[in-house]
Amino acid sequence: KTRLTRAAIGCSCLTALILAAVAFSTFWASASTPVITLSVSRMMATLSQFERIASEHSGSRSIARGFNASSAFVQSQIAENTAFHANRQLFHVQISEELSPATLEQLSPVPAVFTVGTDFAMMGSSGPTPAGGITANIAVAKQEGCVSSDFDSVTSGSVALIMRGNCSFATKVAHAVEKGAAAVIVFNTPDEQGLFSGRACDAPCAIAVLAVSHSQGVEWVAAAAGAAAATLRLSTSVRVSDEVTSNLEVDTGAGDIKNTITIGAHLDSVPEGPGINDNGSGSALVLELAMELSRILTDVIDKSQVTNR
């Protein structure tokens, strides 16, 4: 008698496509044990397809570009090479996409032009500035900007300067927006010092959000505490759009529904690249596992039990 743990395969995406549940557990009364054979050549072929999809979508498999094509490819492979059924759950998600590099310059007390990627970075999910950018003085938040009272010095239309740490970027940005800040700049901690990046908001931010090094932040803090706060001009060009994306769920249809194992790998990439290493490689492996699991299951149980769902 054979008892199988339920397996499912699913791909969810918000920033990720999750190929869920391709794992299984089998208990055999006999001495025979199924052998799982993974094909490196098939996985490499899958990665080549992901690379092709990225090339056809401006070099990316992000939600706004090649993700839907990537999801459709995985679904077609499930249909052609397994006895499983794939179900796509469509939903809407707001995303922000950088249209051109952000700019940042200091007008006073000492004029300076900063280089994106070296001196500063636009954080993920940053909002856009108005056309032509903004010009405003820096207002320094107290502590790490984790409570509303830390922003008592932030005035409407200013650039809120906040140190990284102790709470999420989204919390800091929300407090700054509440006080009427026109933009936010987060500077790094003394422990890490250098330039950093990260997702500023869970959904596209209402205002521009930049990141700078600890030393640059400290320089601006000192200027604000002295004769005059620095005056900055900054611009971010960002398109905020409502995109249709999907979860792709695949289930074996057989086994114990109360004992289900799930394995996942996100299928989408960041906008900056095709995402072959992160995480096309994981997606290719999970797809390969699905194909091999289907082969093993059809040897163990009646195929009609798998497909009749």
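As the structure is a prediction and not an experimental result, all values here were calculated from the model.
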Query raised in the report: Out of L210, I134, L107, L104, which one pairs with L232 under the side-chain contact (heavy atoms from CB on, under 4.5 Å) rule?
Result: L104

Requested in this report: Keeping the roles fixed (side chain from E56, backbone from I53), state whether a donor-acceptor pair exists under 3.5 Å.
Outcome: no

**Report entry** Sidechain-backbone polar pair: T115 side chain, T118 backbone, donor-acceptor under 3.5 Å
**Finding:** no

Requested in this report: Go through the steps for D191 and H214 under the test side chain to side chain donor-acceptor pair (under 3.5 Å), then give the verdict.
Outcome: CA-CA 9 Å; D191 295 334; H214 178 75; over 6 Å; no

Query - Any donor-acceptor pair under 3.5 Å from S235 side chain to A102 backbone - result: no

Requested in this report: Show your reasoning for whether side chain to side chain donor-acceptor pair (under 3.5 Å) applies to H92 and D242.
Outcome: CA-CA 6 Å; H92 292 260; D242 185 78; 2.7 Å; yes

Query raised in the report: Does F169 have R199 sitting over its ring (NZ/CZ under 6.0 Å from centre, angle to axis within 45°)?
Result: no

Requested in this report: Give a yes or no on whether the backbone of S294 and the side-chain of T82 come within a donor-acceptor separation of less than 3.5 Å.
Outcome: no

Query raised in the report: Do T231 and N137 have side-chain N/O donor and acceptor atoms under 3.5 Å apart?
Result: yes

Query raised in the report: For the side chain of K172 and the backbone of M163, is there at least one donor-acceptor N/O pair under 3.5 Å apart?
Result: yes

Query - R65 side-chain N/O to S58 backbone N/O, donor-acceptor pair under 3.5 Å - result: yes

Query raised in the report: Would you say the side-chain atoms of S269 pair up with the backbone N or O of R61, donor to acceptor, closer than 3.5 Å?
Result: yes

Report task. Please check if the distance between the ring centroids of W220 and F114 is under 6.0 Å. Result -> yes

Query raised in the report: Looking at CG of L287 and CG of N81, how far apart are the two atoms once the value is rounded to the nearest 0.5 Å?
Result: 7.5 Å

Requested in this report: Look only at the side chain of Q106 and the backbone of V110, and say whether a donor-acceptor pair between them is shorter than 3.5 Å.
Outcome: yes

Query raised in the report: Is S76 reaching over with its side chain to a backbone N or O of F73, donor-acceptor style, under 3.5 angstrom?
Result: yes

Query - Rounded distance [0.5 Å steps], CD in E249 versus CD in Q75 - result: 11.5 Å

Query raised in the report: Do the side chain of S241 and the main chain of S96 share a donor and acceptor less than 3.5 angstrom apart?
Result: no

